[in-house]
Every structure is written in C-alpha cells, then in structure tokens.
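Everything below concerns the one structure shown next.
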Amino acid sequence: MARSARTCVIGLGYAGLPLAVEFGRAGFTVLGIDTDKGKCDTINSGRSDIEDVSGTVVAALVRAGTLRAVPEIGPADHPDTINICVPTPLRKTRDPDLSYVVSATQTVKTHLRPGMLVILESTTYPGTTQEIVRVILEETGLKAGIDFFLAFSPERVDPGNARWNTSNVPKVVGGLTPDCTQLASALYQASIDQVVTVSSPGAAEMVKLLENTFRAINIGLVNEMALLCDRIGIDVWEVIEAAATKPFGFMPFYPGPGLGGHCIPVDPLYLSWKLKQVGFDTRFIGLAAEVNEAMPHHVVNKIADALNEHGKAIKGASILLMGITYKRDVSDVRESPALDVMTLLLRKGARVSYHDPLVPHLDAERWTGGLQMDSMPFSDAHLTAADCVVVLTDHSDIDYDGLAATARLVVDTRNAIRTRAPHIFRLGAPNPIA
Ligand SMILES: NC(=O)c1ccc[n+]([C@@H]2O[C@H](COP(=O)([O-])OP(=O)(O)OC[C@H]3O[C@@H](n4cnc5c(N)ncnc54)[C@H](O)[C@@H]3O)[C@@H](O)[C@H]2O)c1
C-alpha cells in the first residue's frame with residue numbers, strides 16, 4: 001500500500017495508540033481520534049500515557065506532522081483507512097456493552113467514502129463486524145465489499161511485555177471478501193512483521209476469543225490447583241516449576257488473587273453471551289469464571305489464617321497491600337482483583353493501605369470501596385507498622401526478601417518471596433509451621 005494513504009485510528013488507548021504509532025513509523029500520516037480531549041492534548045504535546053509507547057517516538061511523529069490527535073474527524077481530513085480500537089466492556093448485567101463500537105461506527109458512517117477501508121480491532125463476539133458495523137455503514141447506501149472494504153483484525157497487545165509488541169506479534173486479518181482481506185493485509189504489512197489471513201471477519205473475531213478463553217480457563221485450572229494444594233499441604237509453585245520442565249505438552253500458568261485487566265475476565269463472557277443466543281451453554285467458561293472470581297475471597301481467608309496465627313482478627317488489623325494493578329509492571333487497575341481484596345478487607349473492618357509505585361493515587365470511583373487513597377512510601381517504618389503485608393501484584397524493582405525480613409507477617413499471593421519463615425504465608429502452599 002502506498003504510504004500516501006491517510007490512516008485514522010479511533011480510540012487511542014492501550015490498543016489504539018501503539019497501532020497509530022506503528023502506522024506513523026511506517027510512513028503513513030495518522031489521524032488519531034479520541035473523545036477524551038485530555039488524551040489528545042497529551043499526544044499532541046509529544047507525550048505518551050501508555051507505558052509501552054515511547055514519549056520520544058510520539059514527540060518525533062507529532063513534530064514531523066505525521067501524527068495528530070483530535071476528538072473528531074474534521075470535514076477536511078478525508079481518511080482512506082479507519083481502524084476502530086474503542087473499549088468493549090461489560091454492562092452491569094455482564095452482557096457485552098457495544099455502545100463504544102456503535103458510536104465509533106456512527107462516526108465512520110459520517111465520513112464513509114467509496115474505496116475506504118474500515119477495520120474493527122476491538123475484541124468482540126463473532127458476528128459483530130457483519131451484524132453491527134456493516135449494517136450501520138450500509139445505511140449510507142454504500143455496499144461493504146463492493147463500494148468500501150471491511151475487515152476485522154484482533155488487537156493482541158500485551159501491556160508491559162518487553163519482548164512482544166504491536167510490530168512483532170503476527171496480525172490476524174479476516175475480511176468480508178478476499179479483496180477486503182487483501183487490502184487490510186497490505187495496510188498492516190507496511191508496519192507489522194507478519195500478517196496471517198483467515199477466511200472471514202467471524203473467524204478473526206473468534207481467534208481472539210479462543211486465545212483469551214484459553215488463558216482464562218488455564219488460569220482457572222491453576223487457581224483450583226492452588227486451592228487443592230493448599231488443602232492437602234503441597235506447594236503448588238514447586239509443582240508448576242517442576243511440571244514446566246517437560247519440553248512438550250505443558251505450558252505453565254500461575255495462580256494469583258484473581259483475573260484482572262480489560263481482556264481475560266471480559267472476553268470469554270462475550271463468547272458465552274453470543275452462544276447463549278443459539279442455546280449453547282459454554283460450561284468451561286462459566287466454571288473458570290466461577291473459580292477465578294472466588295480467588296479474592298480465598299486470599300482474604302489466607303490473610304485471616306495468617307492473622308489468626310498471630311492472635312489477631314481482620315477487624316481492626318492494619319493491612320498493607322503491595323501492588324494493586326491487575327498485573328506486574330503496568331499501571332492499569334481496571335478489573336484488578338487487588339481492588340476486590342481491598343474492598344473485602346475494608347468490609348470486614350481492616351485498616352487498609354497500599355503501596356504501588358505505578359499507582360500514586362487511587363480514585364474513589366475506580367473501585368467499589370469508594371475511598372480516595374494514596375500509595376504509602378515503601379519504607380521499613382510502614383512495613384513494620386502493618387499487622388500484615390500482602391503481596392498482590394509482584395512489580396519488578398521491589399526487594400521482596402528485604403520486605404519479608406522487615407515485615408511482621410506476610411501473605412504472598414505471587415510467590416514473589418524466596419525466603420521461607422514462620423511468618424510468611426503463601427497462596428497455594430501449606431501454612432508455615434511456627
Ligand atoms: N488493553 C489491552 O491489553 C488490550 C489487548 C488486546 C485487545 N484489547 C481490546 O482493544 C479494545 C480497546 O481497549 P483498550 O485497552 O485500548 O481501551 P482504552 O480504554 O485504553 O482506550 C480506548 C480509548 O477509546 C476512546 N474512545 C471511546 N469511545 C470512543 C469514540 N466513540 N470515539 C473515539 N474515541 C473513543 C477512549 O477515550 C479511550 O482513550 C478493547 O476491545 C479491548 O478489549 C485491549
């Protein structure tokens with residue numbers, strides 16, 4: 001594809017901004033659209049609010065006039081391609097919330113022209129590209145696959161992963177027609193190392209759901225293993241480490257306080273919702289969700305056991321939570337199980353504080369406990385003042401063995417602490433003997 005094509009990315013978050021930057025680096029002009037004006041200002045001033053996207057690269061693209069972020073497409077912009085990377089969360093009822101996709105598609109509809117390429121990247125249930133995006137765009141009178149090109153290509157970004165990024169993770173593409181697939185592939189080939197084509201948008205939508213359902217179910221399995229190992233006095237971490245030496249047929253997954261982030265807890269429910277429409281009950285998905293959603297409760301039980309050994313109750317105890325984001329080395333607290341643990345402890349009357357170098361401040365509206373909180377400094381004074389220190393997210397650059405040596409009582413849900421001592425309790429391992 002000639003680099004003269006004017007590309008446009010709608011939604012400049014964890015998925016959209018890295019893509020916009022890759023298009024820019026490949027030599028395309030990129031128009032970034034985000035309804036969050038603050039985000040546009042950040043990008044236009046040459047900064048990045050996404051850890052994996054370098055501010056220096058954003059600044060260079062903005063300076064060169066290659067990347068520009070605005071809240072809406074202007075009448076003179078005339079993009080040739082549009083990638084939709086907006087959120088696909090769940091409603092309170094746990095059903096898919098496609099309102100962002102619908103709204104972004106309405107934006108595309110207003111600017112749709114013959115020959116334009118439209119690609120949906122938001123994770124969603126199979127059928128969305130055909131049943132929602134296509135239907136809205138065809139209200140213009142233009143026909144998908146004839147007058148304009150339409151495809152689905154799942155975003156596979158893994159925030160915080162230093163090895164795999166937007167440019168070196170193969171890109172799966174499924175177009176409405178072979179021409180749609182070919183054109184979408186040509187766009188990605190300019191900036192992404194490998195493009196893998198499938199026969200339809202539905203197959204491409206399903207690829208992403210298979211990947212994330214695979215993770216959700218395997219995490220559910222290993223979480224159940226942790227609970228049963230705990231019950232029969234075996235160290236699940238030792239078992240996983242040894243099992244992972246098998247060179248074939250085994251892939252290690254690790255237990256923890258529950259599932260978090262925008263993808264793994266949410267995406268499988270998109271699939272089960274869709275299947276419910278045709279009377280199919282996705283039992284594995286339901287079971288894994290049940291096990292994973294119970295993990296914060298098990299962590300709280302472990303904390304109660306640990307405090308009990310020290311003659312204390314949760315009520316009135318001072319509990320310091322280490323790491324509250326949904327995974328290591330990212331600043332994202334969306335759906336983080338640490339917030340569930342926090343809420344459960346507060347409800348039981350604990351005095352809860354946290355330390356997270358990536359979350360200096362926790363907004364009340366981000367979590368169900370409804371309190372504003374600031375991260376405590378990581379200091380010996382705070383560690384010794386706590387009745388119990390709980391490792392929930394094992395960010396790098398924290399001296400966990402130093403923490404274990406200083407704190408009076410520790411519950412480790414990530415196997416971050418190598419020291420074994422009577423005051424260190426671990427998820428999925430027998431309680432230490434005093
Ligand atoms: N975060 C991840 O790790 C990840 C990985 C793979 C796939 N995905 C998928 O990518 C999609 C986007 O997720 P994300 O994590 O990037 O979300 P995000 O919340 O980080 O970013 C989405 C952005 O879209 C903007 N937005 C919302 N509606 C808009 C509209 N109508 N017009 C313009 N901008 C709009 C928001 O302001 C926000 O900045 C989701 O479907 C998600 O499941 C995310």
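Start at 1 and go down the list; that is how both ligands and their atoms are numbered.
D230 has no carboxylate O lying under 4.0 Å from a charged side-chain N of R426, or vice versa, which leaves the two without a salt bridge. A salt bridge does not link K276 with D95: none of the charged nitrogens is closer than 4.0 Å to a carboxylate oxygen. Classification of R6 and D77 as a salt-bridged pair fails, no side-chain N sitting under 4.0 Å from a carboxylate O.
Paired with E121 under the rule side-chain hydrogen bond (donor to acceptor under 3.5 Å, both in side chains), one option of K208, K171, R156 passes, and it is K171.
When the options G11, S122, C263, P87 are ranked by their closest heavy atom to atom 27 (C) of ligand 1, first place goes to P87. The heavy atom nearest to atom 5 (C) of ligand 1, considering only I264, D36, V157, I33, is found in V157. Counting only non-hydrogen atoms, the option in E155, Q106, K37 that gets closest to atom 7 (C) of ligand 1 is E155.
Atom 11 (C) of ligand 1 has its closest protein heavy atom at V86 O, 3.4 Å. Residue, atom and distance of the protein heavy atom nearest to atom 13 (O) of ligand 1 are H262 CD2, 3.6 Å. Looking at atom 17 (O) of ligand 1, its nearest protein heavy atom turns out to be R334 NH1, 3.7 Å. Among protein heavy atoms, atom 26 (N) of ligand 1 sits closest to T35 OG1, 3.6 Å. Nearest to atom 43 (O) of ligand 1 among the protein's heavy atoms is T123 OG1, 3.3 Å.
R25 places no side-chain N or O within 3.5 Å of a backbone atom of S191 that could act as its donor or acceptor partner. For the pair D267 (side chain) and L209 (backbone), a donor-acceptor distance under 3.5 Å is absent. In this structure, the side chain of N218 does not engage the main chain of L221 through any donor-acceptor pair within 3.5 Å. No side-chain donor-acceptor contact under 3.5 Å links S122 to the backbone of T88.
Under a 4.0 Å criterion applied to the non-hydrogen atoms of T88, ligand 1 contributes the atoms 40 (C), 41 (O), 43 (O). Taking a cut-off of under 4.0 Å to the non-hydrogen atoms of K208, the atoms of ligand 1 that pass are 6 (C), 7 (C). Close approach of ligand 1 to I10 (heavy-atom distance below 4.0 Å) involves ligand atoms 32 (N), 33 (C). Near P159, meaning under 4.0 Å from one of its heavy atoms, ligand 1 places the atoms 3 (O). Each of the atoms 23 (C), 24 (O), 25 (C), 33 (C), 34 (N), 36 (C), 37 (O), 38 (C), 39 (O) of ligand 1 lies under 4.0 Å from some heavy atom of D34. Of all the atoms in ligand 1, the ones that sit under 4.0 Å from a non-hydrogen atom of G13 are 16 (O), 18 (P), 20 (O), 21 (O), 23 (C).
A distance of 13.5 Å separates CE in M376 from CG in D356, rounded to the nearest 0.5 Å.
The part of K39 lying near ligand 1 is the side chain, judged by heavy-atom distances below 4.0 Å.
Close N/O approach between Y14 and ligand 1 is found [any backbone or side-chain N/O within under 3.5 Å].
More than 12 heavy atoms of other residues, nucleotides or ligands sit less than 6.0 Å from atom CD of E131.
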